[in-house]
Amino acid sequence: MILVKPSLEWKEQHKAYMVDWGSARMVPSSMDLSGFHTYEEYLYALEARAKGKAPWVPSSHYFLVNNDHQIVGMVDIRHKLDEFLRTIGGHIGYGILPSERNKGYATYLLKEALNKCKELHINQVLITCDEDNIGSTKVILNNGGVEDDLFITEEGQMKRRFWISVKES
Ligand SMILES: CC(C)(COP(=O)(O)OP(=O)(O)OC[C@H]1O[C@@H](n2cnc3c(N)ncnc32)[C@H](O)[C@@H]1OP(=O)(O)O)[C@@H](O)C(=O)NCCC(=O)NCCS
């Protein structure tokens, strides 16, 4: 399994992934193709986002591709924290295709994303999840997450917040 950057090569698979994802909010939202007329337009917007074009902080985006060359998950890494990310979003957002869940993919995906953080010299990585998201909580704990204070959004949603230390070798 590897992380690969979105590119034209993945256009059809990315579209199929969106269909298979269903009507739930796409996670991470940066991988949501809705609202774009063409894949090229999406890639252009993603590139702008990667460079940190306002309102975004610079970010990296990857597909998790399995040994059958199929996209099974997606992740984005925000290179720094603004107020929203420090309380609600965190450095890393990820999602696994519904049909591929409970196979250890997210645990692996986060491990690989933390290696990317190391390359980016992000030594303290913040990862958040909804208080009732048991799967994501386990994924974070599997990767050494240490819990910080809970944050309650204006809508009353409780966000659990975890830090993972990434040591540069
Ligand atoms: C949360 C999510 C990423 C987990 O992905 P996954 O590939 O199924 O996770 P893993 O297979 O690595 O599972 C990790 C652990 O969580 C457990 N788990 C996974 N989904 C679970 C669920 N819905 N309820 C309870 N436990 C769950 C697994 O059994 C495993 O437990 P273990 O470590 O004790 O063996 C996936 O369900 C998803 O994409 N959800 C929607 C988007 C989302 O919530 N993203 C995270 C935002 S913070």
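Values below: every heavy atom of this structure, side chains too, minus hydrogens, waters and symmetry copies. When a ligand or atom number is given, it counts from 1 through the structure's own listing order.
Near Gly95, meaning under 4.0 Å from any of its heavy atoms, are these atoms of ligand 1: 39 (O). Residue-ligand proximity, Lys103 to ligand 1, at heavy-atom distances under 4.0 Å covers atoms 11 (O). Numbered from 1 in the order shown, with element, the atoms of ligand 1 that lie under 4.0 Å from a heavy atom of Cys129 read 48 (S). Listed by number with element, the atoms of ligand 1 under 4.0 angstrom from any heavy atom of Val139 are 9 (O), 12 (O), 14 (C).
For atom 11 (O) of ligand 1, the closest heavy atom belonging to the protein is Gly104 N, 2.7 Å. Regarding atom 44 (O) of ligand 1, its nearest protein heavy-atom neighbour is Asn133 ND2, 2.8 Å. Residue, atom and distance of the protein heavy atom nearest to atom 15 (C) of ligand 1 are Lys138 CB, 3.6 Å. Protein heavy atom closest to atom 28 (C) of ligand 1, with residue, atom name and distance, is Asn102 OD1, 3.3 Å. For atom 12 (O) of ligand 1, the closest non-hydrogen atom of the protein is Thr107 OG1, 2.7 Å. Nearest to atom 5 (O) of ligand 1 among the protein's heavy atoms is Ala106 CB, 3.1 Å. In this structure, atom 21 (C) of ligand 1 lies nearest to the protein heavy atom Gly135 CA, 3.5 Å. With hydrogens left out, the protein atom closest to atom 1 (C) of ligand 1 is Ser136 N, 3.6 Å, a heavy atom.
Listed by chain and residue number, His14, Lys15, Met18, Tyr39, Tyr42 satisfy the side chain to side chain contact (heavy atoms under 4.5 Å, CB included) test with Leu33 (two or more places apart in sequence, or in another chain). Annotation: side chain to side chain contact (heavy atoms under 4.5 Å, CB included) contacts of Val27 (sequence neighbours excluded): Trp21, Arg25.
Counting heavy atoms under 4.0 Å from ligand 1, residue Tyr94 touches it through both backbone and side chain. Using a 4.0 Å cut-off between heavy atoms, Thr128 contacts ligand 1 through its backbone alone, with no side-chain atom that close. The backbone and the side chain of Arg101 each have at least one atom closer than 4.0 Å to an atom of ligand 1 (non-hydrogen atoms only). For Asn142, every heavy-atom contact with ligand 1 shorter than 4.0 Å involves the side chain, none the backbone.
Checked for salt-bridge contact, Lys103 and Glu100 meet the test: a charged N lies under 4.0 Å from a carboxylate O. Residues Arg78 and Asp76 are paired through a salt bridge, judged by an N-O separation under 4.0 Å between the basic side chain and the carboxylate. Salt bridge Lys159/Asp130: present, at least one basic N to carboxylate O contact under 4.0 Å.
In this structure the side chain of Ser136 reaches within 4.5 angstrom of the side chain of Tyr94, judged on heavy atoms. Residues Val4 and Trp10 meet the side-chain proximity criterion, which asks for heavy atoms closer than 4.5 Å. Contact of the Asp82 side chain with the Leu85 side chain is registered, since non-hydrogen atoms from C-beta on lie closer than 4.5 Å.
Within the 4.0 angstrom cut-off, atom 39 (O) of ligand 1 has one or more protein heavy-atom neighbours. Contact annotation for atom 34 (O) of ligand 1: protein present (non-hydrogen atoms, distance under 4.0 Å).
When the heavy atoms of Asp132, Ile134, Ile92 are ranked by distance to atom 25 (C) of ligand 1, first place goes to Ile134.
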Could you check His79 against Ser59 for side-chain hydrogen bond (donor to acceptor under 3.5 Å, both in side chains), going step by step and ending with a plain yes or no? CA-CA 5 Å; His79 300 181; Ser59 50; 6.0 Å; no
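By the criterion of side-chain heavy atoms lying less than 4.5 angstrom apart, applied directly or through intervening Ile, Leu, Val, Met, Phe, Trp or Tyr residues, Leu109 is not grouped with Leu126; the two fall into different hydrophobic clusters. The hydrophobic clustering, which links ILVMFWY residues whose side-chain heavy atoms are closer than 4.5 Å, places Ile134 and Val139 apart.
When Val72, Leu97, Ile2 are each tested for a side-chain contact (heavy atoms from CB on, under 4.5 Å) with Leu64, only one passes: Val72.
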